[in-house]
Amino acid sequence: FEKENIDTGTLTTELMVSVSGSLAQQESVSISQNQRMSYQRRMERGEFITCTAPFGYRMPDGKNLAIEETEAKVVQWIFQSYLDGHSTARIAEEMNRKNIPTAWKRGIWHEQVIRKMLSNEKYIGDSLCQKTFTTNTFPFIRKMNHGEADQYYIENTHPAIISRETFEQVQS
């Protein structure tokens with residue numbers, strides 16, 4: 001308001017503030033749509049995109065996944081324990097008993113997290129892009145993708161922690 005020399009005490013400036021706010025919001029929506037289009041094009045070209053590294057990986061350069069050896073051993077143990085007949089609940093209990101830190105170094109392990117890990121294609125070096133999507137209209141809402149948006153499966157985007165054979169055995 002100081003930059004534009006706007007006095008918020010008058011009715012006309014109230015209208016100006018309202019119009020300026022609407023323009024700013026529209027600009028923000030436009031920037032968001034451009035960013036989304038950029039992500040879409042990269043997915044179509046098969047370029048890997050991720051914002052966070054799953055347990056067992058780090059992103060040392062901010063965009064590529066690299067194996068974190070200590071956590072990778074835990075991931076391998078999880079898959080092997082499941083193949084040995086242990087339930088996801090028992091695996092989570094064992095990890096909590098051993099005080100194995102979670103991905104964010106806080107909290108406890110839950111069987112839902114173990115189930116998600118066991119079905120995550122990232123552990124075989126592949127990437128399924130757009131598991132979630134953001135709606136196109138304001139307010140933007142992040143949703144699980146159940147076919148509403150295109151998904152892109154890209155093989156060999158990063159080093160694998162688990163073999164494809166092990167992963168396929170767990171899936172069957």
What are the two closest heavy atoms between [X] and [Y], and how far apart are they?
{"X": "Phe79", "Y": "Met117", "result": "CZ-O, 3.5 Å"}
{"X": "Thr166", "Y": "Leu83", "result": "CG2-CD1, 3.7 Å"}
{"X": "Asn145", "Y": "Ala149", "result": "ND2-O, 2.8 Å"}
{"X": "Thr102", "Y": "Gly107", "result": "CG2-O, 3.8 Å"}
{"X": "Glu148", "Y": "Met144", "result": "OE1-O, 3.8 Å"}
{"X": "Ile67", "Y": "Pro159", "result": "CD1-CB, 3.7 Å"}

If we only count heavy atoms from C-beta on, is the [X] to [Y] side-chain gap below 4.5 Å?
{"X": "Ile114", "Y": "Trp109", "answer": "yes"}
{"X": "Pro54", "Y": "Leu65", "answer": "yes"}
{"X": "Glu111", "Y": "Lys116", "answer": "no"}
{"X": "Arg142", "Y": "Phe133", "answer": "no"}
{"X": "Glu155", "Y": "Arg164", "answer": "yes"}
{"X": "Ile154", "Y": "Asp126", "answer": "no"}
{"X": "Gln76", "Y": "Val74", "answer": "no"}
{"X": "Lys122", "Y": "His158", "answer": "yes"}

- Task: Please work out whether the ring planes of Tyr57 and Tyr123 are parallel, tilted or perpendicular, with thresholds of 30° and 60°.
- Result: parallel
State the [atom1]-[atom2] distance between [X] and [Y], to the nearest 0.5 angstrom.
{"X": "Tyr152", "Y": "Ser127", "atom1": "OH", "atom2": "OG", "result": "14.5 Å"}
{"X": "Ile162", "Y": "Ile78", "atom1": "CD1", "atom2": "CD1", "result": "8.5 Å"}
{"X": "Ile161", "Y": "Phe167", "atom1": "CD1", "atom2": "CZ", "result": "12.0 Å"}
{"X": "His110", "Y": "Ile91", "atom1": "NE2", "atom2": "CD1", "result": "15.5 Å"}
{"X": "Glu71", "Y": "Lys73", "atom1": "CD", "atom2": "NZ", "result": "12.0 Å"}

- Message: Just checking Arg58: does its CZ atom have more than 12 heavy atoms from other residues, nucleotides or ligands closer to it than 6.0 angstrom?
- Response: yes
- Message: Can you confirm whether more than 12 heavy atoms, excluding those of Tyr82, are under 6.0 Å from its OH atom?
- Response: no
- Do Ile108 and Val75 share a hydrophobic cluster (ILVMFWY, side-chain heavy atoms under 4.5 Å, transitive)? no
- NZ/NE/NH1/NH2 to OD/OE distance under 4.0 Å, Glu94 and Arg97: yes
- Any donor-acceptor pair under 3.5 Å from Gln130 side chain to Gln151 backbone: no
- Query: Judged by atom type as modelled, is there a donor-acceptor pair below 3.5 Å linking the side chain of Ser81 to the main-chain atoms of Trp77?
  - Reply: yes
- When you look at Glu121 and Lys131, which way does the salt bridge (charged side-chain N to carboxylate O under 4.0 Å, His left out) test go after all the steps? CA-CA 11 Å; Glu121 78 291 338; Lys131 291 178 187 174; 3.1 Å; yes
